[in-house]
Amino acid sequence: MDIRIGIKDTAREIAFDSAQSPAEVESAVTSALDGGVLSLDDAKGRRYLVPSAQIAYVEIGSESTRRVGFVA
């Protein structure tokens with residue numbers, strides 16, 4: 001699933017692919033907004049830590065399966 005995190009006062013966003021479910025990501029974001037740090041893992045095993053005071057928005061994309069093969 002695609003995740004995008006906007007950071008305040010920054011033109012760029014953090015974008016990565018995660019193996020976590022949408023419910024897990026939403027729970028992590030909600031608990032981080034109460035104060036603290038948002039911690040999410042991507043599909044390659046990297047961990048992203050974002051201070052909750054700097055989060056502008058979090059976009060949780062749909063789960064997408066990648067097709068393999070050729071289309072005729």
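Keep in mind that the numbers below use all heavy atoms, side chains included, and drop hydrogens, waters and symmetry copies.
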Are more than 12 heavy atoms from other residues, nucleotides or ligands located less than 6.0 Å from atom CD of Glu26? no
Tell me, do Ile60 and Met1 make a side-chain contact under 4.5 Å, heavy atoms counted? yes
Would you say Arg4 and Ile14 make side-chain contact, with heavy atoms under 4.5 Å? no
Show me the donor-acceptor pairs, under 3.5 Å and distance only, between side chains in residues 31-43 and residues at least two apart or in other chains.
unit_1, atom_1, unit_2, atom_2, d
Ser31, OG, Ser27, O, 3.2
Ser31, OG, Ala28, O, 3.1
Asp41, OD1, Arg47, NE, 2.7
Asp41, OD1, Arg47, NH2, 3.4
Asp41, OD2, Arg47, NH2, 3.2
Asp42, OD1, Lys44, N, 3.1
Asp42, OD1, Gly45, N, 2.9
Asp42, OD1, Arg46, N, 2.7
Asp42, OD2, Arg46, NE, 2.9
Asp42, OD2, Arg46, NH2, 3.2

Looking at Ser18 and Gln20, would you say the former's side chain and the latter's main chain have a donor-acceptor pair under 3.5 Å? yes
Listed once per pair and sorted, the side chain to side chain donor-acceptor pair (under 3.5 Å) pairs that draw on residues 50-61, sequence neighbours left out: Glu13-Tyr57
For Tyr48, what residues pass the ring pair (Phe, Tyr, Trp, His ring centres under 6.0 Å) criterion, not counting sequence neighbours? Phe16
